[in-house]
Amino acid sequence: MHAFEELSRDVEERPLHAVGSVSLREFRNYEALDLELSPGFNVVSGPNAQGKTNLLESLYLLSTTRLLRGQRDAEAIRDGADKATVSAKILPTETELGMSIERGTRKKASLNGLGLPRAADLIGRLPCVCVSAADMEIVRGEPSERRLFLDLELSSLYPAYLRHLTLYKRALEQRNALLKDSRERHHPAESFEIWEDQLANHGAGIRLARREFVASLGPLAQEIHEEMGQGEGLALSYLEKDEAATYEAALAKLAESRSHEIARGTTVVGPHRDDLEILVDSREARLFGSQGQQRTAVISTKMATLAFGRRHTGSPPLLLLDDILSDLDERRRSLLTQIVLSRAGQAVLTCTEASAAGEAILEKAKRFEVWAGSIKEA
Amino acid sequence: MLFARPLAELIAELEKLPGVGPKSAQRLAYHLLKTTDADANRLADSIRNAKLKLRFCAKCQNISENEICEICADLRRDQHVLCVVAEPRDIAAIERINEYRGQYHVLHGLMSPMDGIGPEQLRVRELLGRLGEGQIEEVILATNPTIEGDATALYLAKLIKPAGLKVSRLAHGMPVGAELDYADSATLISALEYRREM
């Protein structure tokens, strides 16, 4: 029934899938940009606010259909323009992925020039892992930040997960509306059961996937964390706030919670309340970690998704590192560089000074310089 | 004032129609002004007539000119199978394929607590009344494969099944003639989930 059973299975290595070229039109501060990328490392440098992150974001958009920092689509359209488009050619298959954002309508995705039924159908065709300063929220922020992290990673790997998630959220809204209305008038059990059935079904799918994902991600993150020279144990675990691991158990739990949920007007059992626990040396990193420890924990967790993606699809996802290296001290920077070199396939790194990428990467990298919405090969 | 008052009123009325924005409303209004009096009157009459003469069929709740609609009145149709749909337009869609020869029942919506729609707002009582008459042996639930369509189907199945009737739901999967690579993933997932043995 679920597509996640083979979550931890290793897949045979396949040729690296890499972005060969990317074209932007009226996207952010780029009027028109056509860039040939290296299938290996790409280092993009330049002063702040010139468009480094925007380039990264265009690739992130093709991968996830989302903008960085969860902004609304229209914000990506260049000032004064009506429509932004991004497209990329994937090698070696020469598949062309496209996305266009127009004011007043939904964004549209295309595959080899042909429109896809939904933008979300693009997901999974260009797996990527993006690490940026905003990811610190994974450790520091509310549980919702960590659920979002799990949801984004899993959705990009499994369209079936995204479907469970979308339908779960919709059924949740419906049940919550019914709970609120129950203060005014009585609703029979059947009226609740029809939404609870869907919550239990999709909720079980969501939990199964998250549980398996975290179980496979944990050891990978721990390994990278050790390589980052911390000598501290990093441990990830998925926390289910109620013990209802299966469809049947969730159904019973929902029925049982109905009366006190009516008082609260909202559903309190289910995966939308769960959390990802991140422990450093057996202590919760969110509460007890120093800023440096928190940063290392996030980088290790994110880089673990890269290793996970590689094991899962047979080829490492595209790595996007947004100004991460410059924030690290010398030692951690060179350790992270080693991890990137040993694990990444194609990578795009941004930094204010190219030197922050380190000699080892620069030797192999194609270098770009960004200035006011135009990019030159350096 | 931008438009003469009667024109502004016409535009305002047209804008209330589904799928008509301010620009289309203006275009339609100017078009109507250019038509002959006879054409304009025919349109006005047909709207008035439709409102006046149409009602809901006493049996299936479809839109009908008579107390009982043509489909319900046709005794050559199968009296033992009943297909439940959300909207009258769904009947038109099924009738077009000329395959189904049973009865219909229109709910006039789907369950959606967010929009304040429960069983009392739908024609559920009328459906149960018909089933209680004892002629129907099989019920096909043909609501859309959405969260609300599924919930409504499940609700009806819970009510109907205990009475010993055969209850089925329309299959969902790949559209015929579609290419796998371009299918939307939700469709593909449900096509896999509901695959059948060959």
Counting only heavy atoms not in [X], do more than 12 fall under 6.0 Å of its [atom1]?
{"X": "Asn49(B)", "atom1": "CG", "result": "yes"}
{"X": "Arg183(A)", "atom1": "CZ", "result": "yes"}
{"X": "Lys158(B)", "atom1": "NZ", "result": "yes"}
{"X": "Arg103(A)", "atom1": "CZ", "result": "yes"}
{"X": "His260(A)", "atom1": "NE2", "result": "yes"}

Between Glu173(A), Glu190(A), Arg170(A), which residue shows the highest count of heavy-atom pairs closer than 4.5 Å to chain B?
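Of Glu173(A), Glu190(A), Arg170(A), Arg170(A) has the most heavy-atom pairs under 4.5 Å with chain B.
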Among Thr166(A), Leu111(A), Asp197(A), single out the residue with the greatest number of heavy-atom pairs under 4.5 Å to chain B.
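Max contact count across the listed options: Leu111(A).
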Roughly how far apart are Ile147(B) CD1 and Leu199(A) CG, rounded to 0.5 Å?
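Output value for this atom pair is 7.5 Å.
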Using heavy-atom distances under 4.5 Å, tell me whether [X] contacts chain B through its side chain, its backbone, both, or neither.
{"X": "Leu116(A)", "value": "side chain"}
{"X": "Gln198(A)", "value": "side chain"}
{"X": "Arg185(A)", "value": "neither"}

Could you list which of residues 67-104 of chain B have a heavy atom closer than 4.5 Å to any heavy atom of chain A, in residue-number order?
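The residues closer than 4.5 Å to chain A amount to none at all.
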Contact listing (chain A partner; residues 106-126 of chain B; heavy atom under 4.5 Å):
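From residues 106-126 of chain B, the residues near chain A are Met111(B), Ser112(B), Pro113(B), Met114(B), Pro119(B).
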